[in-house]
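The next block holds one structure in the form of structure tokens; read it before the comments.
Lettering follows sequence order; numbering is per chain, from 1. Note that the structure is predicted; figures quoted are calculated from it, not measured.
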Amino acid sequence: MNIQNKIEQKVKEAISHLHQVDLAQVEFQPTRKDFEGDVTVVTFPMLRQIKTNPVQLGNAIGEYLVENVEEIVSFNVVQGFLNIVLSNKFYLSSFEAIANNSDFGKAEVNEYSDTIMVEYSSPNTNKPLHLGHVRNNLLGFSVAEILKASGRRVYKTQIINDRGIHICKSMLAWERWGNGETPESTGLKGDKLVGNYYVKFDQEHKKEIASLISEGKTEVEAKAQAPVLVAAKEMLIKWEAGDEEVKALWEKMNQWVYDGFEKTYKTLGVDFDKNYYESNTYLLGKDVVAEGIEKGVFFRKDDGSVWIDLTEDGLDEKIVLRSDGTAVYMTQDIGTAIQRVKDFAIDGMVYTVGNEQDYHFKVLFLILSKLGYEWANNLYHLSYGMVDLPTGKMKSREGTVVDADDLIAQMTQTAKSISEELGKLGEYSSEEKEELYKMIGLGALKYYILKVDPRKRILFNPEESVDFQGNTGPFIQYTYARIQSILRKANLETDGMELPQSYVLHEKEKELIKQLQSYPDTIQLAAENHSPALIANYTYDLVKEFNSFYQNVTILGTPDEAEKKFRVQLSKSVGDIIKSAFGLLGIQVPERM
RNA sequence: GGUCGCGUAGCUCAGUUGGAUAGAGCACCUGCCUUCUAAGCAGGCGGUCCCAGGUUCGAAUCCUGGCGCGAUCACCA
């Protein structure tokens, strides 16, 4: 039983003893730094049931607790706050348990664990990944790791949007103006090559629009009638009809893109257990719509289109099947969700998709629930804010994007120049150095993005570089490296504690142990809230606390061997938790830097 | 216009069952490297928690109404 539960029980006992009142619950909070104590019981709420003044009540409870709870050594009362001081012995044994558990903080998966599928990334195949995708990937990957650590079974997936007019545009442009270029012939990454033709298409399209307008057409007419667009649409129709030539081109160019994505995913350090392809799933869901009509969930309009009426739920009518019988996005998503539950026996799903699709997912979940699927209650839209530039939205067609690969390279370069300036890596080979620069650059980028609440919009200014000091990834990595340096120098066995029970903990040591203790709760909270930001902030607090300890308390310099060993063990545990927590964020930590 | 999200220091952000004097980083200013890695530590400066009401012993947090920013409301995805 954890200490808070124990105290809660004893407080209830005290109140029932002293005032013959049963408390429903006891309110706790960590004691603020400006007061003496470790945990605080807030007694204000009790005054509703007990007519007395808060100071008297606090004192009475405090005395009872000191008498009856061995871990409590003293207390003080400030108004309605009962500040409780816990014994050193309690902290030491608590720390011992932490130090001896290599998986501290993580809940185990067992037969009762839920299985959750996390969908993220889900790119279109007509252009390379940009900063917006980076946020999506980092969030999705991290939330999957956090869910695992919280005791769920997790499958990671992405649905690749490999069909449609967008890829036909790239295909058409390549066919017309590509001169047979390939990734091999140009040395370009495949996704970049295909993306270039998407831009090329847009340029040609714009030229044609301009000339049509000069011939007297309206803008709307010009856009729709421009010959390149008409040709791209024809290509899509051929694709849907299974035209072999078009399919072959489609397969070839998609493969280039996949090879390119694979490289980016690898550098980003994200992965998937299963890929779904829209070319396989875009017809799914139609039969479900038919069933839904029978159940009365959907209705058919005179023109043959099928709708759902959500006005009673405060939403609008939404189409689920076109009048020509073809599937819309919603149809596919209904079908795909059901397919996934069949494939993996999952209990729930997390969709990592930008907040521009909030409405879509609200409707999707509502529909699945109306269709009677129980797991519909376990669907979660991990909705995140857009990443905007100072100049506005990123647009691939217009080339105003921060390319993922370029950004990573740039971050790595910054890490390199800072490292070289500091010059602490004497004995590292150049390969080791390059690895490290990448680790730090990525650490800075990932932390920068993940420390922000997912719902919030991020304004990214490429002119101002991402920081490497203060509340940043590299600062935390640096602290980890410092700890490893101590461990190397200490060269001690870290098993078993030799500290006498009478040892009085330094204030900083105590704060560190407290911070370590809250790791398991932090993981659970982060999982419930689908928020890597909570892990990032936790880690930062831990690291700040450690650096303060490090610079105010001597670790290896202390003459007392038992004390030295304890401090080394404490440092090691902090390092382990940093590594574990950063693992949940998908950030690696270095031995030196 | 309807719906949803956001609004906290000059800037970027914490602040999650409503609790004590609202916290960090960056920037700016002071100190600290012959001693465990100064990508650090110790301190200073900096606040109309968007505004106005309400609920409460107590509100940045909950409710109502405004204001501002963003998203969305397609037989697009």
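Base orientation of B:C49: anti (glycosidic angle beyond 90° from 0).
Among the heavy atoms of the strands, none lies under 4.0 Å from A:Tyr282. Using a 4.0 Å heavy-atom cutoff across all strands shown, A:Lys489 reaches sugar-phosphate atoms only and no base atom. Note on A:Gln29: a base of the nucleic acid sits closer than 4.0 angstrom, heavy atoms only. Contacts of A:Thr40 with the nucleic acid, taken as non-hydrogen atoms under 4.0 Å apart, include base atoms. When heavy atoms are screened at a 4.0 angstrom cut-off, A:Asn161 is found touching the sugar-phosphate backbone but no base atom. Using a 4.0 Å heavy-atom criterion, one finds that A:Asn83 contacts the bases of the nucleic acid, with or without backbone contacts as well. When heavy atoms are screened at a 4.0 angstrom cut-off, A:Thr472 is found touching no nucleic acid atom at all. Residue contacts for A:Glu591: at a heavy-atom cut-off of 4.0 Å it reaches a base atom on one of the strands shown. At a threshold of 4.0 angstrom between heavy atoms, the contacts of A:Ile418 include nucleobase atoms, whether or not backbone atoms are also involved. Among the protein residues, A:Ser571 comes within range of no part of the nucleic acid, since none of its heavy atoms lies under 4.0 Å from any strand. Residue A:Asn552 is in sugar-phosphate contact alone, with no base atom involved, counting any heavy-atom pair closer than 4.0 Å across all strands shown. Nucleic acid contact for A:Val41: none, since no nucleic acid atom lies under 4.0 Å from a heavy atom of the residue. The residue A:Phe468 sits close to a base: some heavy atom pair falls under 4.0 Å. A:Met593 comes within 4.0 angstrom of a nucleotide base, judged by non-hydrogen atoms across all strands.
OP1 or OP2 of B:C6 has at least one side-chain nitrogen or oxygen of A:Arg455 nearer than 4.0 Å.
Taking a 4.0 Å limit (strictly below) on heavy-atom distances, residues 532-550 of chain A reaches RNA chain B at A:Leu534, A:Asn537, A:Tyr540, A:Lys544, A:Asn547, A:Ser548, A:Tyr550. Listed in residue order, the members of residues 555-564 of chain A having a heavy atom less than 4.0 Å from RNA chain B are A:Ile555, A:Leu556. Within residues 43-58 of chain A, the residues that have a heavy atom under 4.0 Å from RNA chain B are, in order of number, A:Phe44, A:Pro45, A:Arg48. A heavy atom closer than 4.0 Å to some atom of RNA chain B occurs in A:Ile440, A:Val452, A:Asp453, these being the qualifying members of residues 432-454 of chain A.
Between the side chains of A:Tyr329 and A:Gln357, at least one donor-acceptor pair of N or O atoms lies under 3.5 Å. Of the N and O atoms on the side chains of A:Thr558 and A:Asp560, not one donor lies less than 3.5 Å from an acceptor on the other residue. A:His506 and A:Asn552 share no side-chain donor-acceptor pair at under 3.5 Å. Side-chain atoms of A:Tyr384 and A:Asn136 include a donor-acceptor pair closer than 3.5 Å. There is no side-chain donor-acceptor pair under 3.5 Å between A:Asn254 and A:Asp162. A donor and an acceptor atom, one from each side chain of A:Thr40 and A:Asn83, are located under 3.5 Å apart. Donor-acceptor pairing under 3.5 Å is lacking for the side chains of A:Asn126 and A:Ser170.
For A:Thr336, the side-chain contact (heavy atoms from CB on, under 4.5 Å) criterion is met by A:Ile159, A:Thr281, A:Leu284, A:Arg340, not counting sequence neighbours. Evaluation of the salt bridge (Lys or Arg N to Asp or Glu O under 4.0 Å) rule for A:Asp541 yields no partner, not counting sequence neighbours. With sequence neighbours left out, the salt bridge (Lys or Arg N to Asp or Glu O under 4.0 Å) criterion links A:Lys301 to A:Glu317. Residues passing the side-chain contact (heavy atoms from CB on, under 4.5 Å) test with A:Pro474 are A:Ile440, A:Ala444, A:Phe468, A:Thr472, A:Gln477, A:Met593, sequence neighbours excluded. For A:Asp576, the side-chain contact (heavy atoms from CB on, under 4.5 Å) partners two or more places apart in sequence, or in a different chain, are A:Lys572. By the side-chain contact (heavy atoms from CB on, under 4.5 Å) test, A:Ala581 pairs with A:Tyr519, A:Ile535, A:Thr539, sequence neighbours left out.
Comparing the P positions of B:C36 and B:U17 gives an interatomic distance of 42 Å, to the nearest angstrom. The same atom, P, is picked in B:U64 and in B:A22; the two are 27 Å apart, to the nearest Å.
Judged by Watson-Crick or G-U wobble contacts below 3.5 Å, the nucleotide B:G68 has B:C6 as its partner. In this structure B:C45 sits in no base pair that meets the Watson-Crick or G-U test at under 3.5 Å.
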Within the sub-3.5 Å range, which N or O atoms of nucleotides 21-23 of chain B have a protein N or O partner, and how far apart are they?
unit_1	atom_1	unit_2	atom_2	d
B:G23	OP1	A:Arg32	NH2	2.7

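By the stacking rule of 5.5 Å between ring centres and under 30° between planes, A:Phe81 stacks on the base of B:A20.
By the 30° and 60° cut-offs, the orientation of the rings of A:Tyr540 relative to A:Phe475 is perpendicular.
Ion pair A:Glu545/A:Lys514 not flagged as a salt bridge, since none of the NZ, NE, NH1 or NH2 atoms sits closer than 4.0 Å to an Asp/Glu carboxylate oxygen. We find that A:Glu509 and A:Arg567 are joined by a salt bridge, their nearest charged nitrogen and carboxylate oxygen being less than 4.0 Å apart.
For B:A39, its base sits under 3.5 Å from the side chain of A:Ser419 at one donor and acceptor pair at least.
Protein atom CD of A:Glu317 is 16 Å distant from nucleotide atom P of B:C73, rounded to whole Å. Rounded to a whole Å, the CG atom of A:Asn471 is 12 Å from the P atom of B:C13. Rounded to a whole Å, the CD atom of A:Gln357 is 14 Å from the C1' atom of B:A74. Rounded to whole angstrom, the span from the CZ atom of A:Phe475 across to the P atom of B:U37 amounts to 16 Å. At whole-Å resolution of the value, CD in A:Glu27 and C1' in B:A20 are 12 Å apart.
Within 6.0 Å of the CD atom in A:Gln588, the count of heavy atoms belonging to other residues, nucleotides or ligands does not exceed 12. Counting heavy-atom neighbours within 6.0 Å of A:Glu312 CD, excluding the residue itself, gives a total of 12 or less.
Remark on RNA chain B: of its neighbouring residues A:Ile319 and A:Asn529, the 5'-side contact belongs to A:Asn529, judged by nearest-heavy-atom nucleotide.
For residues 413-422 of chain A, no pair satisfies side chain to side chain donor-acceptor pair (under 3.5 Å), with sequence neighbours left out.
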